[in-house]
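Here the structure is laid out as structure tokens; the discussion comes afterwards.
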Protein chains: 2
Amino acid sequence: MTTADPESSDNLHAVFALPPGRALDICLNIQTALLEHKLAPGVKLSEDEVGEIYGVSRTVVRAALQALAHSNLVTIRKNRGAFVAEPSIREAHEVFQARALIEPAVARMAAQAMTDEQLAGLKAHLEAEHVALHKEDMGRALFHSGGFHTAIAEIADHRVFTSMVRSLISRSSLIIALYWKRSDTACESHSHHALMRAFELRDAAMAESIQKSHIIDLHSGLDLREKPRGDSSLSAALGRTG
Amino acid sequence: MTTADPESSDNLHAVFALPPGRALDICLNIQTALLEHKLAPGVKLSEDEVGEIYGVSRTVVRAALQALAHSNLVTIRKNRGAFVAEPSIREAHEVFQARALIEPAVARMAAQAMTDEQLAGLKAHLEAEHVALHKEDMGRALFHSGGFHTAIAEIADHRVFTSMVRSLISRSSLIIALYWKRSDTACESHSHHALMRAFELRDAAMAESIQKSHIIDLHSGLDLREKPRGDSSLSAALGRTG
DNA sequence: TGCCCAAAGATTGTATACGATCGTGAATTG
DNA sequence: CAATTCACGATCGTATACAATCTTTGGGCA
């Protein structure tokens, strides 16, 4: 179980570049909530409110929110406050383009470095995802799916890439919350298991190729057409009241 | 001149995810100082001291330092304070590996999108670098060299990659300050001008290829052998006094 | 003489207070 | 009745004060 625990914040703090402390805890808590889709894009994160929840002053909360803002998970608007980020369609494309470049290269490195223990750890991620899926806990399933991708980067043992991947995956979670269109989530399982086979074989080229296809497939699972979102269309959509 | 002004902080703030304000100004100021090698790795950035320089309270300084820490330009040690980061040898390798993956792809995109105006802008960067080199102002030359790489990412018009490239280049500046071994800096000019030719021809494949070679060349210009650095060697180096 | 420990100084971590800015709603006017 | 303006409330931006922690330095002891 220990090897499979995705919540272990051993060196997770590296992403936020904060010294261990309460601010980091808040960051990690909010990040997890985002990854599990417990916090929707656009939700306001009032400093007072967050501070009261965690029992700290606004000073600490501000540090946490700024760190999250730097990871593009939160948007800070001057004199307005912090909100869960709402990635634009353009940003969604860019994030998945970046993933399509970086993650295959990372998968290749991971395949070469993979130990049996790490292989088992990856499998545990997939099982956790499967269990969550079976319970129809989509949020948790997505969380473990992201954990799988992150774990691969960690196995590649490349901190710069790991940091990038972690950041991109967090942003992907928000993007999926906004733009996911595919109803069948089984797509995950197939690609991930195919990737596992490549890792078992230590076939770097195969891992790279599968991961690239997988990311492109995820990208295509988004509905990124321009829509008349927001309140501008609201009046038109409703017509006259009554 | 306007198109060539590399200091323009138009959307430079996107890297730090801070609302416009004094904290951002401090970030940008310190970042520029780092890029110009006016601030050496390891230098302590006392909150009081920085605050007095810019005429703000520690609150603002802390926000700036945390933003810089998130960009890996500054290291914050609990109860110790903030220091200009000292990238390890491993980190140096990783940063240039990341650049070798990302920047060629970005160069390809830029070559396809390049307008004549943007081409002129890039040329201006090279000229500025040349002028600084002629004045033997190495710091400023390096600054413009980095600006050239950043400008390419901006032309590619991909914010996610641009942000990554900017971050990697900033870190590269620290790495070069610590590990640069090559005395001839003319290598820059050659690769950069070759890249310009590819851009003029709108040859995406050529631009990608040249950029990849260029990054690998830069990487090889570093002396990344393990050395007995630091004070541990100091006593040995000095022997007994007198 | 060298090492260990303790107290003072300096610096950061956190909380709180006050001023500035923005959003909202009611009142007023065309 | 609709549009505009103004004042109020809420929230953030910043400064300052106090508490916690680390570093340093001086003295004591083996």
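The sequence lines fix the lettering, A, B, ..., with proteins before strands; numbering per chain opens at 1.
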Quiz item: When the nearest nucleotide of DNA chain C is assigned to A/Lys78 and to B/Glu47 on a heavy-atom basis, which residue is associated with the more 5' position?
Solution: B/Glu47

Exercise. Using a 4.5 Å cut-off on heavy atoms from C-beta on, say whether the side chain of B/Arg99 contacts that of B/Leu218.
Key: yes

Would you tabulate the nitrogen or oxygen pairs shorter than 3.5 Å linking the protein to nucleotides 15-19 of chain D?
residue : atom : partner : partner atom : Å
D/dA15  : OP2  : B/Ser57 : N            : 2.9
D/dA15  : OP2  : B/Ser57 : OG           : 2.6
D/dA15  : N7   : B/Thr59 : OG1          : 2.8

Practice problem: Nearest whole angstrom, please: distance from the C1' of D/dT14 to the CD of A/Gln66. | Solution: 12 Å

Quiz item: What orientation do A/His219 and A/His93 show, parallel under 30°, tilted 30 to 60°, or perpendicular over 60°?
Solution: tilted

Practice problem: Would you mind telling me which of B/Gln118, B/Arg159, B/Arg166 makes a side chain to side chain donor-acceptor pair (under 3.5 Å) with B/Glu154? | Solution: B/Arg166

Exercise. Check the distance between D/dT21's C1' and B/Ile76's CD1 and give it to me in whole angstrom.
Key: 16 Å

Exercise. Evaluate the side-chain proximity of A/Arg171 to A/Pro87: yes if any heavy-atom separation is below 4.5 Å, no if none is.
Key: no

Exercise. State, with a plain yes or no, whether a side-chain heavy atom of A/His158 is found less than 4.5 Å away from one of A/Val106.
Key: no

Quiz prompt | OP1 or OP2 of C/dG13 under 4.0 Å from side-chain N/O of B/Arg62 | solution = yes

Quiz item: Does NZ or CZ of B/Arg22 fall inside the cone over B/Tyr54's six-membered ring, less than 6.0 Å from its centre and within 45° of the axis?
Solution: no

Quiz prompt | Closest listed nucleotide, where the reference is the side chain of A/Arg80 and the choices are D/dT23, C/dG23, D/dG13 | solution = C/dG23

Practice problem: May I have the distance from B/Asp25 (atom CG) to D/dT14 (atom C1'), rounded to whole angstrom? | Solution: 15 Å

